[in-house]
Amino acid sequence: MTLMWIPLLPLLGAVIAALTAHWGRTRCAWATAALPALALALILSLIPQLSETGSIKSTISWIPALGLNLSFRFDGLALLFSVLILGIGLLVILYARYYLSEKDSMGRFYAYLMLFMTAMLGIVLSGNLLQLWLFWELTSISSYLLISFWWHKPEARRGARLALTVTGAGGLALLAGILLLGRIAASFDLDVILQSGDLIREHRWYPAALLLILAGVFTKSAQFPFHSWLPHAMAAPTPVSAYLHSATMVKAGIFLLARLYPALAGTELWFIVVSSTGLITLLVGAYFANLKHDLKGLLAYSTISHLGLITLLFGLGTKLAAVAAVFHIINHATFKASLFMAAGIIDHECGSRDMRRINGLWKYMPYTAALAMIAASAMAGVPLLNGFLSKEMFFAETLEQEFLGSLSWMIPVLATLAGVFSVAYSVRFIHDVFFNGEPINLPKTPHEPPRYMKVPVEILVGLCLLVGILPNIVVGPLLNIASSAVLGGELPDYSLAIWHGFNLPLLMSLVAMAGGLFVYFHRAHLFRFQKQFPEWNASESFEMAMRRVQDAAGKLLDWLENGSLQRYLLLMLMLLILMLWPALTELTHLTGKRAHLPVDIPSLVAGGLLVVAGLGTVIYNRQRLIALLMLSVVGLVVSLAFARFSAPDLALTQLAVEVVTIILLMLALFFLPQKTPKESSPRRILRDICIAGLIGGIIGTICYALMTRELHSISDFFLANSKTGGGGTNVVNVILVDFRGFDTLGEITVLGIAALGIYNLLAGLRLFMPSGDSEGRQWALDRHPMILAVISQSLLPLALLVSVFIFLRGHNLPGGGFIAGLVTAVALILQYMAHGVDWMKTRLDIAYHRMIACGVLISALTGVASWLFQRPFLTSWFDHFHWPLVGEFELASAMVFDLGVYITVVGATLLILANLGQMTTSERPVTKEQD
Amino acid sequence: MEALYAFCVGLLTACGIFLTLRGRTFPVVVGLTLLSYAVNLFLFASGRLTEDGAAVLGTSEHYADPLPQALVLTAIVIGFAMTAFVVILAMRARGDLGNDHVDGRLPVNTMGGDRT
């Protein structure tokens, strides 16, 4: 469980940073730093356990059937990266305290930074690839927030968008790759995948999976040709650059490369793709770093180049190369973070980052200059510094390569060339900035920064020196444990000595040094040469492309969404046909093996009636009253069909609903035009008939195919347990109030919400009421005929008695809350119709919306009551009692639930109809409606 | 019998869809009601057709599948609520917008082929 706390603590830190922002900047920084510091302490406390077992794992099952678990795994590689993420993160927190001005929101900055830290820790600690991917995407999002921290600057917004788009697109490719990998290995668990390397490499999906995963890796790690986002991300505050582009964001790609190394590496394809991408990136980055006049631009391209170097090392595929790659990860993180911080100090104190104007700073800030010079020397690979060691290992590895056959000599030569450029830009960072004359036209007079702003740089530069001088003691154990995790346990022999004697790698270093100095001092030629090429700005091209995409999307949207509902419906229906058509053509046998029922005369007659009424509804649809009458016939036949095919509950419900629906539509029709104008062109009618006919045919076919096949239902369970478990013999009702009671609770809630919505819609309705029908005849003055009034009044007690009867017997015979509620509602509506709203109001003054609330509440409380008996929500109870006179009688908690259903149905139905009916009673306006 | 039943379901679907494609609110509501009949019958049929087998224990030898019945029962009630909601919405639209076209505005006749 300790493992889970490691990414959780920085997440907590994000909250704390936001909460403590008003305490002042220093206190906010301390409060925020406390949590990653604790996480770092946790990591260090796990080391003894790690060196015993090799890896630590902790898992919480979520959906084991899908391989989705919250799983954390800690091994040497995760240790290395966690220490980098947390260690450099802490230094960045300290540095940012002094870097950000008072105008910047400290809390927001730290919150984003902590969120990013959580995401990075999540990546390196994930024991499940899908979970890793989730954190991977979280780094994209949180880095977007960090890069666009100064959102008032357009270049920051653009840079952030570019970074998000490139890394986000890569993330999608990665997800596809991970899904393929998971299918191949039959698990997303990292341990399983790392152990099934052979299976993966021999699978026919291997090339696709590898290329997709590499697309994610290369976009994240800014490899050519996806590198262009990184220089534009320099619009971020420098602490962000120092963090994201030294130890974290871009290293996430490298981490994945190292993480999946045992599973994916070792094939021809891996070798060619990874090493050539790394080599090209190495050269391109190093070359362009020389052309940048912006201090951070130089560092950005240098970062690209070094990432290329690490990628190349992993691509080479030998064990020693992998060790060198891990070693260079550590070294690059330390010297590059300190260089970014130094660049930030210079920017902060000079007000500019342009190396053509910043010169001779040695005089103004000698201490910072000394630190920066050491770090830059480490970047150049000067002996006694950490960069030298890993660069020597790299040169030695390039000499061992034979994959280009007789052209293999080119690899060390190209590596040396990259070394030349690398020395040249490092020298420029030293000489052009700290010497080379006087500052030109700077906005500020430079001086040393605040004391504590230098502390993070001092620590990192100190590490560069310590690793460079005493590699075995300082970094040896960490390198060993991390490399063995990458290589899956077997570690090659290597030595971290500073002095290997005079050999070829040393010669290459010397050539690189000399060549670098030469290139630097003749850099004017290089600038002039590059000037001949047109300048290309990735951010602008990206914005242009985005604008084009937006325009195209806008046009498509205008075409699709023209405001016509009929058109939307048509498009959706055509899509439906398109999706159903191929599925049905694949179904070869229309008729299944199930025995058919014989057709009898009554069914035939009913069917004929349905056809006539259905078609009649359509044909007379413009004369709305006739269409409505036809519709009611259809509804009647439907309820007969339910009765015929053994569904008495449905027949009763359908019948009752039919009555209220038709009353409702009649009432509505009173306010709407009585006739539909003839609008549709014949062509449109023909088109609609074709579409409707086609879909009707398809649905009928599916229905037929379904009914003639054997049924495999889960209903046997309900039939078997209805009596013993639910205490009722009417299985349909027991399902409603017991087995699936929770569904029913949801459904009556929906019913209540719909009724309340209608109540609300009616509240502000202003409609003219017609004074007569469409042919100009006045409505009858006798609104409440005597006979109807008398009969309905005398029928009311009987109807209510029937509904009580239906309600009570519902558990054992057809009936129940729904049907009883509808019957009651119909009986009451009849009174409304016969006597008018005012008459009813004096006799039955119930607020129906309260009734709905009561009903839902009763049902819900019945469910809650089972908690009192330590049972799950909605557990039902029943027992049989012997009552005098009545005899054997059953009581069940489901009846109380059903009572809630009953009250809700009555309330909802009456709320709708009584309120709609009330509309007709307000003062009738004289204006005749125009149509 | 199955063929007759399926034919009726298909016919109701077709009638419902044709009416929902109309341009005025009331025929659309009627179309939706027809469509909901078709949907309920279709769902009910997924439990297959059974004669004299109401799912009341002790009344017969073989029982109809009670599960689709329970689902359709609530669907009927909710379908009523939805029909009511749509028809009142149509009334409100007519009151506020002054016409009963589904788009809330009468089609412009000069628009050519895309007239309603």
Side-chain angles (χ1 to χ4, degrees), chain A residues 563-566 596-597 599 607 610-611 614 618 621 624 627 631 638 645-650 653-654 657 661 664 668 671-672 676 679 688 692-693 695-697 699-700 703-704 706-708 711 713 715 718-719 723 729-732 735-736 747 750-751 754 757-758 761 765-767 818 912, chain B residues 1-4 6-15 17-21 23-24 26-27 30 33 37 41-42 45-46 48-51 53-58 63-67 69-70 72-74 76-78 80-81 83-85 87-89 91-92 94-95 100 102-103 115-116:
Chain A
S564 165
L565 196 72
Q566 287 164 284
H596 290 210
L597 291 177
V599 186
L610 186 100
V611 171
V618 172
N621 82 79
R624 296 179 173 181
L631 184 71
V638 169
F645 298 114
S646 316
D649 289 275
L650 288 189
T653 315
Q654 182 68 56
V657 164
T661 306
L664 171 86
F671 293 97
L672 291 171
T676 309
E679 284 178 320
D688 291 353
I695 294 181
I699 298 295
C703 189
Y704 182 74
L706 190 74
M707 281 188 295
T708 53
L711 173 66
S713 170
S715 297
F718 299 122
L719 290 167
K723 179 79 184 158
T729 50
N730 181 7
V731 187
V732 176
I735 290 177
L736 282 176
E747 271 145 12
V750 172
L751 186 66
I758 289 166
L761 275 178
L765 185 63
R766 289 184 313 266
L767 266 181
F818 276 111
I912 296 168
Chain B
M1 188 67 91
E2 274 79 1
L4 178 67
F7 175 76
C8 290
V9 171
L11 182 94
L12 286 182
T13 312
C15 292
I17 284 182
F18 180 81
L19 285 180
T20 47
L21 281 168
R24 301 287 172 152
F26 195 80
V30 173
T33 314
Y37 289 146
L41 284 176
F42 181 90
S46 70
R48 311 298 185 266
L49 301 184
T50 315
E51 284 178 320
V56 177
L57 298 181
Y63 300 110
D65 193 343
L67 191 61
Q69 293 191 19
V72 170
L73 199 153
T74 48
I76 293 172
V77 180
I78 299 240
F80 161 69
T83 307
F85 192 85
V87 80
I88 308 279
L89 193 65
M91 281 171 61
R92 182 70 191 256
R94 181 167 194 241
D100 72 333
V102 285
D103 296 337
R115 248 175 325 134
T116 22

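Hydrogens, waters and symmetry mates play no part in the numbers below; they use all other heavy atoms, side chains included. Residue numbering restarts at 1 for every chain, and letters A, B, ... go by the order of the sequence lines.
Contacts between I735(A) and chain B at a heavy-atom distance below 4.5 Å involve the side chain alone, from C-beta outward. Heavy atoms of F85(B) lying under 4.5 Å from chain A belong to its backbone as well as its side chain. The parts of L67(B) that come within reach of chain A are both its backbone and its side chain, each placing non-hydrogen atoms under 4.5 angstrom from that chain. For V9(B), the part sitting under 4.5 Å from any heavy atom of chain A is the side chain, from C-beta outward, and nothing else. Contact annotation for F818(A): only side-chain heavy atoms (C-beta onward) come within less than 4.5 Å of a heavy atom of chain B. When heavy atoms are compared at a cutoff of 4.5 Å, L49(B) approaches chain A by way of both its backbone and its side chain. Within the 4.5 angstrom heavy-atom criterion, only side-chain atoms of I912(A), from C-beta onward, approach chain B.
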Dump the intermediate steps for side chain to side chain donor-acceptor pair (under 3.5 Å) on T74(B) and E747(A), then the final yes or no. CA-CA 7 Å; T74(B) 48; E747(A) 271 145 12; 3.2 Å; yes
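Taking every heavy atom of both residues into account, L719(A) and P66(B) meet most closely at CD2-CG, 4.2 Å.
A heavy-atom distance below 4.5 Å is found between the side chains of L73(B) and L736(A).
A distance of 14.5 Å separates CG of D100(B) from CZ of F671(A), quoted to the nearest 0.5 Å. The distance from atom CG of D688(A) to atom OG1 of T20(B), rounded to the nearest 0.5 Å, is 8.5 Å. Separation of atoms CG (L610(A)) and CZ (F7(B)) is listed at 9.5 Å; rounding is to 0.5 Å. Between the CG atom in L664(A) and the OG1 atom in T33(B) there is a gap of 9.0 Å [rounded to 0.5 Å]. Between atom CD1 of residue I76(B) and atom OG1 of residue T661(A) there is a gap of 10.0 Å, rounded to the nearest 0.5 Å.
The choice from T83(B), I17(B), V72(B) that makes the most heavy-atom pairs within less than 4.5 Å of chain A is I17(B). Among L57(B), L11(B), L19(B), L12(B), the residue making the largest number of heavy-atom pairs under 4.5 Å with chain A is L57(B). With respect to chain A, the highest number of heavy-atom pairs below 4.5 Å among F42(B), Y63(B), F18(B), F26(B) belongs to F26(B). Between chain A and the options C8(B), S46(B), A45(B), A84(B), heavy-atom pairs under 4.5 Å are most frequent for A84(B). The choice from E2(B), E51(B), R48(B) that makes the most heavy-atom pairs within less than 4.5 Å of chain A is R48(B). No other option in A81(B), A64(B), A55(B) has as many heavy-atom pairs under 4.5 Å with chain A as A55(B). Looking only at heavy-atom pairs under 4.5 Å with chain B, the residue among V657(A), I695(A), L631(A) that has the most is L631(A). Ranked by heavy-atom pairs under 4.5 Å with chain B, the list L751(A), L650(A), V638(A), T653(A) is led by L650(A).
Looking only at distances, no side-chain donor or acceptor of N730(A) sits under 3.5 Å from a matching main-chain atom of V56(B). Checking side-chain atoms of Q566(A) against main-chain N and O of L21(B) turns up a donor-acceptor pair under 3.5 Å. Although no hydrogens or angles enter the test, the distance criterion places a donor-acceptor pair under 3.5 Å between the side chain of R92(B) and the main chain of L761(A). At least one donor-acceptor pair under 3.5 Å links the side chain of Q69(B) to the backbone N or O of S646(A).
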